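As structure tokens, the structure follows; a few thoughts come after it.
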Amino acid sequence: MTASPTAFFAGWGFRATARPQSFASCWAQACAQLAPGRWTFAVLDSKLQTPAWEEFLAWSRAAVPQAACRAWPESAIAQIDTPSFSPRLVTRFATGSVCEALALHAAEMHRAPPRLLLPRIVSADRQATLAVAAAAHSLETGVLS
């Protein structure tokens with residue numbers, strides 16, 4: 001019996017002006033550090049009304065068509081402790097890093113304690129950020145609940 005691939009949870013932060021190359025830049029950096037796995041992308045639902053959302057969808061459908069995508073309200077990430085810390089983001093979102101908080105929240109919704117694998121990665125054009133978490137038990141056992 002082979003182990004299931006690790007479930008990764010990618011939290012995405014992005015500006016309204018982000019372009020497909022913004023997301024591709026973050027993705028290339030992450031993929032260089034992680035083994036293949038099953039992906040869930042997490043975004044703030046407030047981003048669904050920005051021009052960058054269509055850019056994100058176009059990029060993700062081409063690059064990682066099998067990835068699920070979930071959106072959460074800003075309140076879902078409030079008070080999540082993150083390794084990265086921006087005073088501006090604490091004031092705006094009540095967390096130090098949107099992408100790290102989203103990754104941790106998405107992994108936690110998988111009913112297991114989350115572990116941040118990759119802290120905030122910034123795109124070359126500084127328009128997007130990405131952080132990756134996994135459910136801690138899936139990393140230890142290779143078994144997902």
Side-chain angles (χ1 to χ4, degrees), residues 4-140 142 144-145:
S4 298
T6 299
F8 293 119
F9 301 89
W12 289 93
F14 51 89
R15 296 179 185 213
T17 53
R19 306 280 299 157
Q21 61 266 27
S22 308
F23 306 112
S25 173
C26 290
W27 186 248
Q29 293 175 66
C31 287
Q33 300 178 61
L34 296 171
R38 293 181 309 163
W39 288 91
T40 298
F41 292 162
V43 300
L44 290 176
D45 61 6
S46 59
K47 296 297 183 178
L48 304 181
Q49 306 306 315
T50 68
W53 173 245
E54 292 301 321
E55 302 285 358
F56 178 81
L57 283 178
W59 169 81
S60 66
R61 288 176 181 152
V64 197
Q66 70 279 13
C69 191
R70 297 274 322 265
W72 279 283
E74 293 173 6
S75 61
I77 64 168
Q79 309 306 319
I80 294 178
D81 189 29
T82 61
S84 298
F85 179 85
S86 163
R88 181 182 64 81
L89 293 178
V90 169
T91 299
R92 172 71 175 85
F93 298 101
T95 189
S97 169
V98 169
C99 65
E100 290 174 353
L102 279 166
L104 290 166
H105 179 70
E108 187 173 57
M109 294 296 98
H110 195 63
R111 292 180 260 126
R115 187 173 119 201
L116 195 63
L117 302 178
L118 294 178
R120 189 173 66 98
I121 294 170
V122 181
S123 64
D125 64 4
R126 306 197 55 76
Q127 298 297 301
T129 59
L130 167 66
V132 179
H137 75 279
S138 69
L139 294 171
E140 295 165 11
L144 301 172
S145 59

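Residue numbers run from 1 in the order of the sequence given. If you're wondering where the values come from, they're calculated on a predicted model, not measured in any experiment.
Taking SG from Cys26 and CG from Leu118, the interatomic distance works out to 11.0 Å, rounded to the nearest 0.5 Å. A distance of 9.0 Å separates CG in Asp81 from CG in Leu104, rounded to the nearest 0.5 Å. For the atom pair Phe14 CZ and Phe23 CZ, the distance stands at 5.0 Å (nearest 0.5 Å). We find the CZ-CD distance between Arg38 and Gln66 to be 11.5 Å, quoted to the nearest 0.5 Å. The structure places CZ of Arg70 at 10.0 Å from CZ of Phe9, a figure rounded to the nearest 0.5 Å. Atoms CZ and CD1, from Phe93 and Ile80 in turn, are 13.0 Å apart once rounded to the nearest 0.5 Å.
When all heavy atoms of Gln29 and Val122 are compared, the closest pair comes out as NE2-O, 3.1 Å. In terms of heavy-atom proximity, Pro65 sits nearest to Ala63 at CD-C, 3.6 Å. Of all heavy-atom pairs spanning Ser25 and Ser123, the tightest one is OG-CA, 3.5 Å. Ile77 and Leu44 get closest at one heavy-atom pair: CD1-CD2, 3.9 Å. Taking both residues in full, the closest heavy atoms of Arg120 and Ala131 are given as N-CB, 4.2 Å, listed atom of the first, atom of the second, then distance. Counting all heavy atoms, side chain and backbone alike, Leu130 lies closest to Trp12 at CD1-CE2, 3.7 Å.
With contacts defined as side-chain heavy-atom distances shorter than 4.5 Å, the pair Pro73/Asp45 qualifies. Put simply, the side chain of Val90 reaches to within 4.5 Å of the side chain of Phe85, judged on heavy atoms. Between Pro83 and Leu116, the closest side-chain pair of non-hydrogen atoms falls below 4.5 Å. At a threshold of 4.5 Å between non-hydrogen side-chain atoms, the residues Cys69 and Phe56 count as touching. With a 4.5 Å cut-off on side-chain heavy atoms, Val98 and Thr129 do not count as touching.
Taking the six-membered ring where the residue is Trp, Trp39 and Phe41 present tilted rings, their angle falling between 30° and 60°. Taking the six-membered ring where tryptophan is involved, the planes of Trp72 and His105 are perpendicular, since the angle between them exceeds 60° and thus also 30°.
The closest donor-acceptor contact from the side chain of Glu55 to the backbone of Thr17 lies at 3.5 Å or more, if one exists at all. A donor-acceptor pair under 3.5 Å links the side-chain atoms of Thr82 to the main chain of Ser97, judged by distance alone.
Within a 6.0 Å sphere centred on CD of Gln33, other residues, nucleotides and ligands contribute more than 12 heavy atoms.
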